[in-house]
Amino acid sequence: MNKYFAKEIEPKWQEYWEKNGIYKFKKDQKKKKYYNLVELPYPSGDLHLGHWFAFTPPDAHARYKRMSGFNVFYPNGFDSFGLPAENAAIKRGIHPKDWTYKNIETMKKQFETMGTMIDWGSEVITSDPEYYRWNQWIFIKMYEKGLAYRGKALSNWCPVDQTVLANEHIEQGKCWRCGAEVIQKEVEQWCLKITEYADRLIWPENTSLDWPKEVKEGQNNWIGKKEGMLIKFRIQNSEFRIRELEVFTTRPETTDGVSFLVIAPEHPLNKEIKEKRVQTYIEEASKKTEMERKEDRTKSGVFSGFEAKNPVTGKNIPIWISDYVLAGYGSGAIMAVPFADERDREFAEKFNLSILKTDFKAKPEGKKTVNYHLRDWSVSRQRYWGTPVPMIHCEKCAVVPVPLEDLPVELPYKVDFTPKGKPPLASDEAWLNVKCPKCEAPAKRDAETLDTFFDSAWYYYRYCSPNYEKGPFDELKIKELMPIDIYFGGSEHTLGHTLYARFFTKFFKDLGLVNFDEFAQKRAQHGVILGPDGVRMSKSRDNVVNPDDFVKEYGADTVRLYICFMMPYTATAPWSDSAISGVYKFLKRVWDLQNKIKDHKSNLKSENMSSEEFYQMHSAIKKVGDDLDTLNFNTAVSALMIWLNFLSSKKDVYRLEYETLLKLLAPFAPHITEEVWHSINPSANSIHLENFPLYQAKFTVRETVQIIIQVNGKIRDTIEIDSSKIKDQSFVENETKNSEKIKKYIQNGVKNTIYVPGKILNFVV
RNA sequence: GGGCGAGUGGCGGAACGGUAUACGCGAUAGUCUCAAAAACUAUUGGCUGCAAGGCCUUGAGAGUUCGAAUCUCUCCUUGCCCACCA
């Protein structure tokens, strides 16, 4: 027998699996489908430790499910549009497309070294025209339903470059490129009316779906449904076109304590106020970036010079302007009740405003209304590397969607995508100028691209029929494969991606394309492997751990197993390689255990195994299987170690024991188990086509059990009884009579006796 | 400020309200060796005792319970997400 040498066996089996297509998903009426999904990666060009952590435990789960008789669908793809490609291109002069597709090639090769059972036959690459064509199709459908509209959204705006900036492109309040001060500006852009689905996106108390509480509550809070009232305050100035201020409040009963009104700097009323100090304040407020607003919480504001009449008390109260009132929430105007609200009091104290009392009994007139924290989703990006918005702007007909049969609107390759103050696509005249589909007059294409969260909101539908040409997906395939049975991913997607995905699913249902309401039965969120210094890994910090180094040293199986073992899947903890050698040692010991197999030709058949041997084996099968089901990968591995410790303490190992061990280990360490499996079964098929061993409940209990004897809850002795007797309390009590230790404690009489069958006998004295 | 979570040996971490510290790392001693590495064996929460044993221990404090790391309350520390949401 050779020594365990991972480097030699791993590529061999990866090739074998590929050649024999053992991971190809095939329709199988006899088996239940199991859609196992991990969030598709961004093709950054390097498979890092985070990818290993995101993909290998789910791979073990998928392999277990497959061995347990499910027809497992485990596809993968690439979320390949987006800013990094464009930034890399600008920096290094490579075209975003070339950069992206080269990275995808590299990463797919790296994925192979991981030894996953991913079926790449259903791969989806979101920057392929065959994919984003359907992005455009969905966008147009949303437009037709009134869900996609031109709206105004507050954005970071560079006044020099004349462009919207992403948060990451603002450095200390200045534009990353030209250094100009970034301001907040309402910019017209494409928005999706996710708010129309707000109610349906709220998780009901008793959902049958298995999603973490953290996600359900997080999303519900984010949607932030609040019931309140809109109350009108008459402005004491007859020259304004706006005569009334409408405010939203959840506490109408405090209206008698309204001491002043506050409106947001962006409130339309401000356009009618010409005073210089007011305009100066508004300008200053617009310069504050998000970061500054977060950091500086001191109240600022300016008196508008006008008053409004409190509908309850009839008193005139001043109208102030302050950026602590948000334009986007409610009506962008509040009634300030400093007596009851801390922020209002802070403001009143800062500007010496009088504070009126409220007895919380006011009953103002007003419209009952519901407000949501959730905003509509702005999807326009003034960027090159994304899905072109499939719209045409015509002077006569305004906005006209591209006819569906003309899709996709392909992204032109030769475009100057360096920032120029207008969207890169706008500089490609040949692409930009088209005829209006309605009136045939000269018109222009929309030069913006879609947010990449649009791409990832529905990619898992496309996996089901990646080459389908009659629609975004084949409805029959969807019936077969959706919804997803388990969706693995990161917690950073709680308020973005997974919410959008739910929104899209509900939209598809409204279109009649699908007959379910939620896209994933179960959501499993992993933690994060931090750098060895306990901080998030990043190149700038120089704390990035490269998994390839460990793969080279120990092999992929060891790295997979270690990632499963080192911490719970949900945990966030620093990377440490201190224990990886222990996992490697474990695999070597499994390998070496071949030597101990009793010759299968001998008469020592598994029927001759002792009850302890049966107990150990069946307990391991149960524990490993259960843990793979419930995603407790670390304790599954420890159960394997415990059993191996038992097996290696014996003189010989039964073939049944050893083969069972290999099958339990196969989901974690697919290569070594395959190698050894073939070496002891030369004519066998792949171990990954074997069934996961079944345990028998009767073997998971020992013949005798230890009962703990307590006195007043303190352990004083243990006794061993036959497990058939565990239900017999008086028998157990009698047994303890022999114990000198116990006698000593209970000689003065027993007040009460508590017996937990098979566990504990507690005397209360 | 709001929401969700976490605090257990030297370290990563196990423990349906029922033997706390499984498993792994590290450490100590031993076997093997000229030596080292590797491998194997034993020990490894603290205090106390020659020993049998006893006492203490899951961030701090209270409570519920025959019994609490686990449930409840208060506080402390810490992580993540959101954040002037009226």
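Only this structure's heavy atoms are used, side chains among them; waters, hydrogens and symmetry mates stay out. Proteins come first, then strands; the chains are lettered A, B, ... in the order of their sequence lines, and each starts at number 1.
Only the P atoms considered, B:G63 is 31 Å distant from B:A14, to the nearest whole Å. Across the C1' atoms, B:G30 and B:G5 are found 46 Å apart, a figure rounded to whole Å. Taking the P atoms as reference points, B:G7 lies 30 Å from B:G54, given to the whole Å. On the C1' atoms, B:G59 is 16 Å away from B:U70, given to the nearest whole Å. Distance noted for atom P between B:U21 and B:G9: 14 Å (whole Å). With both ends at atom C1', the span from B:U57 to B:C82 equals 38 Å, rounded to whole Å. When the P atom is used for both B:G49 and B:G61, the distance is 26 Å, rounded to whole Å. Across B:G67 and B:C23, the matching C1' atoms stand 27 Å from one another, rounded to whole Å.
Residue A:Ile642 is classed as a sugar-phosphate contact, given heavy-atom separations below 4.0 Å to backbone atoms only. Here A:Thr250 lies in heavy-atom contact (under 4.0 Å) with sugar-phosphate atoms only. Among the atoms of the strands shown, none is found under 4.0 Å from any heavy atom of A:Asn371. Contact annotation for A:Pro568: backbone-only contact, meaning every heavy-atom pair under 4.0 Å involves sugar-phosphate atoms and none involves a base. Base engagement by A:Phe565 is indicated by at least one non-hydrogen atom pair under 4.0 Å involving a base atom. Using a 4.0 Å heavy-atom criterion, one finds that A:Asn634 contacts the sugar-phosphate atoms exclusively. Counting any heavy atom pair closer than 4.0 Å across all strands shown, A:Val764 reaches sugar-phosphate atoms only and no base atom. At a threshold of 4.0 angstrom between heavy atoms, the contacts of A:Leu495 are confined to the sugar-phosphate backbone, with no base atom among them. Note on A:Thr572: nothing from the nucleic acid sits closer than 4.0 angstrom, heavy atoms only. Residue contacts for A:Gly330: at a heavy-atom cut-off of 4.0 Å it reaches no nucleic acid atom on any strand shown. Base contact: A:Gln706 has a heavy atom under 4.0 Å from a base atom. If you check every strand for non-hydrogen atoms under 4.0 Å, A:Ala573 touches sugar and phosphate atoms only. Among the protein residues, A:Arg716 comes within range of the sugar-phosphate backbone only, with heavy atoms under 4.0 Å from sugar or phosphate atoms but none that close to a base. Base engagement by A:Ile708 is indicated by at least one non-hydrogen atom pair under 4.0 Å involving a base atom.
The shortest side-chain heavy-atom distance between A:Gln616 and A:Arg702 falls under the 4.5 Å cut-off. Looking at A:Val545 and A:Ile529, their side chains never come closer than 4.5 Å, going by heavy atoms from C-beta outward.
B:G9 has its base syn relative to the sugar, with a glycosidic angle deviating from 0 by at most 90°.
Annotation: of the two residues near RNA chain B, A:Pro574 and A:Ala639, the 5′-most nearest-nucleotide partner is A:Pro574. Each of A:Tyr372 and A:Ser581 was assigned the nucleotide of RNA chain B with the nearest heavy atom; the assignment lying further toward the 5' end belongs to A:Ser581.
Remark: aromatic rings of A:Phe347 and A:Tyr324 are close, center separation under 6.0 Å.
The CZ-P distance, from A:Arg536 to B:G79, rounds to 13 Å in whole Å. The NE2 atom of A:His493 sits 17 Å away from the P atom of B:C80 (whole-angstrom rounding). Taking atom CD1 of residue A:Ile563 and atom P of nucleotide B:C25, one finds them 18 Å apart after rounding to whole Å. Look at NZ on A:Lys759: it is 7 Å from P on B:U19, rounded to the nearest Å. The CG-C1' distance, from A:Asp592 to B:C40, rounds to 12 Å in whole Å. In this structure, A:Leu374 places its CG atom 20 Å from P of B:C81, rounding to the nearest Å. One atom, CG of A:Asn645, and another, P of B:A39, lie 14 Å apart when rounded to the nearest Å. Atom P of nucleotide B:C55 and atom CG of A:Asn712 are separated by 12 Å, given to the nearest angstrom.
Salt bridge A:Lys725/A:Glu735: absent, no basic N to carboxylate O contact under 4.0 Å. Taking 4.0 Å as the cut-off between side-chain N and carboxylate O, A:Glu39 and A:Arg523 count as a salt-bridged pair.
Taking every side-chain heavy atom of A:Tyr324 into account, B:C84 is the closest of B:G18, B:C84, B:A15.
The side chain of A:Lys585 contributes an N or O atom lying less than 4.0 Å from OP1 or OP2 of B:C25.
Between A:Leu245 and the choices A:Met335, A:His267, A:Arg234, the side-chain contact (heavy atoms from CB on, under 4.5 Å) rule is met once, by A:His267. Of the residues listed (A:Tyr500, A:Tyr197, A:Phe453), the one engaging A:Trp377 in a ring pair (Phe, Tyr, Trp, His ring centres under 6.0 Å) is A:Tyr500, and it is the only one. With A:Tyr562 as the partner, the ring pair (Phe, Tyr, Trp, His ring centres under 6.0 Å) test is satisfied by one option alone out of A:Tyr584, A:Phe633, A:Trp575, A:Phe53: A:Trp575.
In A:Lys350, the NZ atom is crowded: over 12 heavy atoms of neighbouring residues, nucleotides or ligands sit closer than 6.0 Å.
A donor and an acceptor atom, one from each side chain of A:Glu720 and A:Thr704, are located under 3.5 Å apart. Residues A:Asp592 and A:Tyr4 have side chains that never bring a donor and an acceptor to within less than 3.5 angstrom of each other. Side-chain contact check for A:Thr753 and A:Gln729: no donor-acceptor pair (N or O, by modelled atom type) lies under 3.5 Å.
Side-chain atoms of A:Lys299 come within donor-acceptor range of the base of B:C84, with a qualifying N/O pair under 3.5 Å.
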**Report entry** Secondary-structure notation, RNA chain B, from Watson-Crick and G-U pairs under 3.5 angstrom (| other strand)
**Finding:** (((((((..(((.....[....)))((((((.......))))))((((....))))..(((((..]....))))))))))))....
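Between A:Asp323 and A:Tyr281, the shortest heavy-atom contact is N-OH, 3.1 Å.
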Query raised in the report: Using a cut-off of 4.0 Å between protein heavy atoms and nucleotide atoms, how would you tag nucleotides 1-9 of chain B 5' to 3' with B, S and -?
Result: --SSS----
